[in-house]
Amino acid sequence: MIATACLIAVGVISVSALMNLYRLGTGPDVLDRILALDTLAVNAIGLIVVIGIWFDTSLYFEIALLFAAVGFLSTVAFCKYLLRGNVIE
C-alpha cells in the first residue's frame, strides 16, 4: 500500500519537476527563472522525502533538510545579486 502511494507521488513530483524545467528554460525574465529554480529545489526536497519514506530510512530526511537550507540560501543570494549587484557587501 505505501509503495503504491510512494510510486504515485514520485510520478507526480517528476511531472512537476519537468514543468519547472520548462519554465526555467523559457522564462520571460530572470526573476521567473529564479522562482522556477527555487520551486525545482522544493520538488527535489519532496522527492527525497518520498524516497526516504519508501525505503524506510531516516538518512534521506537529513539530506532533504540540508538541501532545503542550500536551496533557500541560493535563492536569497540570487535575489540579492539582482537587487544590489553583489552578494557580499
Side-chain angles (χ1 to χ4, degrees):
M1 183 73 176
I2 194 80
T4 306
C6 288
L7 189 62
I8 292 171
V10 165
V12 170
I13 293 171
S14 298
V15 168
S16 177
L18 287 174
M19 290 169 36
N20 282 323
L21 283 173
Y22 174 75
R23 174 51 74 188
L24 186 65
T26 63
D29 59 352
V30 178
L31 294 177
D32 285 332
R33 290 186 173 133
I34 290 174
L35 287 174
L37 193 63
D38 185 44
T39 308
L40 191 63
V42 171
N43 285 336
I45 293 165
L47 190 63
I48 292 169
V49 167
V50 168
I51 289 172
I53 292 170
W54 197 355
F55 291 144
D56 196 25
T57 181
S58 64
L59 179 67
Y60 289 100
F61 300 117
E62 295 173 11
I63 294 170
L65 184 63
L66 289 173
F67 201 81
V70 170
F72 172 73
L73 289 176
S74 65
T75 303
V76 169
F78 277 138
C79 291
K80 191 171 180 181
Y81 176 74
L82 286 176
L83 186 65
R84 297 185 184 161
N86 60 359
V87 178
I88 300 173
E89 296 175 356

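Just so we're clear, the structure is a prediction, and the values are computed from it rather than from any experiment.
Under the side chain to side chain contact (heavy atoms under 4.5 Å, CB included) criterion, Leu83 pairs with no residue at all, not counting sequence neighbours. Applying the side chain to side chain donor-acceptor pair (under 3.5 Å) test to Ser14 and every residue at least two apart in sequence or in another chain returns nothing.
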Report all side-chain donor-acceptor pairs from residues 69-77 shorter than 3.5 Å, counting only partners two or more places apart or in another chain.
residue : atom : partner : partner atom : Å
Ser74   : OG   : Val70   : O            : 3.2
Ser74   : OG   : Gly71   : O            : 2.9
Thr75   : OG1  : Asp38   : OD1          : 3.1
Thr75   : OG1  : Gly71   : O            : 2.9

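To the nearest 0.5 Å, the span separating CG on Leu59 from CD1 on Ile48 amounts to 10.5 Å.
Its side chain within the 4.5 Å cluster rule, Leu18 clusters with Leu21, Leu24, Val30, Leu31, Ile34, Leu37, Leu40, Phe78, Leu82 among the Ile, Leu, Val, Met, Phe, Trp and Tyr residues.
Judged as a side chain to side chain donor-acceptor pair (under 3.5 Å), the pairs with a partner in residues 39-57 (not counting sequence neighbours) are, in order, Ser16-Asn43. Applying the side chain to side chain donor-acceptor pair (under 3.5 Å) test to residues at least two apart or on different chains, none of the pairs has a partner in residues 17-29.
The two residues Phe61 and Gly52 make their nearest non-hydrogen contact at CZ-C, 4.1 Å. Nearest heavy atoms, Ile53 versus Cys6: CG2-SG, 4.0 Å. Here the closest heavy-atom approach between residue Ala41 and residue Phe67 is recorded as O-CE2, 3.8 Å.
Linking ILVMFWY residues whenever their side-chain heavy atoms come closer than 4.5 Å, directly or via other members, places Ile13 and Phe55 in the same cluster.
A side chain to side chain contact (heavy atoms under 4.5 Å, CB included) with Leu47 holds for exactly one of Ile45, Ile51, Val49; it is Ile51.
Side-chain atoms of Leu66 and Glu62, non-hydrogen and from C-beta on, never get closer than 4.5 Å to each other.
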